[in-house]
Amino acid sequence: RTGAVSFLSSNLDHMPALMDTRLTNLFCVANFFGFSKGKSSITVALFRLVEIESGRIVLDGIDLSTLGLSNVRGRGMAIIPQDPFLAGGTLRECLDPFREHSDTEIMNALEAVRLGSSSVDATLLLSTKLEEGGSNYSVGERQLLNLARALLCQPKLLVLDEATASIDGKTDAFIQKMLRTRFPHTTLVTIAHRLNTIMDYDYVLVMDKGYAAEFDSPVNLLSDRKGVFSELVDATGVESSKALRDMAEAAAAGSAASSS
């Protein structure tokens with residue numbers, strides 16, 4: 001259970017040469033950021049919404065094409081999308097659809113995302129009826145409930161598809177902290193809209209016209225002043241660019257110190 005995912009000459013019909021990339025490290029965590037045309041194809045390919053035309057996608061040594069869709073989408077991988085949607089008739093069914101966890105475990109997950117309390121009756125809270133798509137909860141609350149569900153299942157690979165684009169900065173900051181502290185054995189695949197949220201990631205993937213144009217750590221990509229990612233950072237303005245570069249350098253220094 002390391003969450004090592006490899007894209008081996010993977011091709012989609014409408015997105016040729018998606019990538020040939022391996023994501024893993026000693027800490028069993030690999031984060032990367034994709035932007036430009038092609039980023040949605042990563043999610044499509046991973047969850048086999050469309051089967052790849054050629055190549056393989058391998059997770060912890062297992063070719064995903066050999067697994068049933070329920071295993072690929074249900075337990076091995078999870079996604080938190082931009083537009084949060086809650087499924088199930090009750091809050092408990094939403095958070096634990098396979099009934100694998102106790103009420104105490106579910107309440108602990110809710111407390112972790114600040115939507116539960118030990119003083120609240122667990123049976124009453126978990127029996128809360130969900131309106132269509134979870135519309136009786138705010139967008140931010142629905143996203144936190146998706147995070148609580150991920151905390152419970154601890155997937156090998158968690159995809160965040162612009163997951164914080166529709167929520168306020170305070171909730172975004174809280175989710176970013178949770179992702180960095182509560183998923184030690186999960187590979188995080190992030191498609192983000194805020195550059196500051198990914199400057200401490202292990203890897204950045206830059207997609208260009210369906211191809212993997214750049215792939216390296218943020219600090220290494222920023223060392224190339226003419227690179228696509230570097231130009232994107234510089235386009236945010238002088239002060240913002242400096243702050244982003246400082247974040248990348250600080251993260252690289254911290255990573256080097258922890259591994260020495």
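Remember, it's a predicted structure, so these values are computed and weren't measured experimentally.
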Under the salt bridge (Lys or Arg N to Asp or Glu O under 4.0 Å) test, which residues partner [X], sequence neighbours left out?
X	answer
Arg114	none
Asp168	none
Arg149	none

Ignoring hydrogens and geometry beyond distance, is a side-chain donor-acceptor pair present between [X] and [Y] at under 3.5 Å?
X	Y	result
Glu105	Asn108	no
Arg245	Ser230	yes
Ser119	Ser117	yes

CG-CG distance between Leu126 and Leu110, expressed to the nearest 0.5 angstrom: 6.5 Å
So do Leu179 and Ile175 actually touch side chain to side chain, heavy atoms under 4.5 Å? yes
Set out, in order, the CA-CA distance, both residues' side-chain angles and the distance that settles salt bridge (Lys or Arg N to Asp or Glu O under 4.0 Å) for Lys242 and Glu239, then state yes or no. CA-CA 5 Å; Lys242 183 180 184 305; Glu239 291 186 5; over 6 Å; no
Taking side-chain contact (heavy atoms from CB on, under 4.5 Å) as the test, write out the residues that go with Glu132, two or more places apart. none
Give the C-alpha distance, both sets of side-chain angles, the deciding distance and a yes or no for side-chain contact (heavy atoms from CB on, under 4.5 Å) between Phe174 and Leu144. CA-CA 10 Å; Phe174 175 69; Leu144 290 173; 3.8 Å; yes
Any salt bridge (charged side-chain N to carboxylate O under 4.0 Å, His left out) involving residues 178-192? Give me the pairs, sequence neighbours left out, ordered by first then second residue. Arg180-Asp200
Can you list every pair that meets salt bridge (charged side-chain N to carboxylate O under 4.0 Å, His left out) and has a residue in residues 78-98, with sequence neighbours left out? Arg92-Asp96, Arg92-Asp103
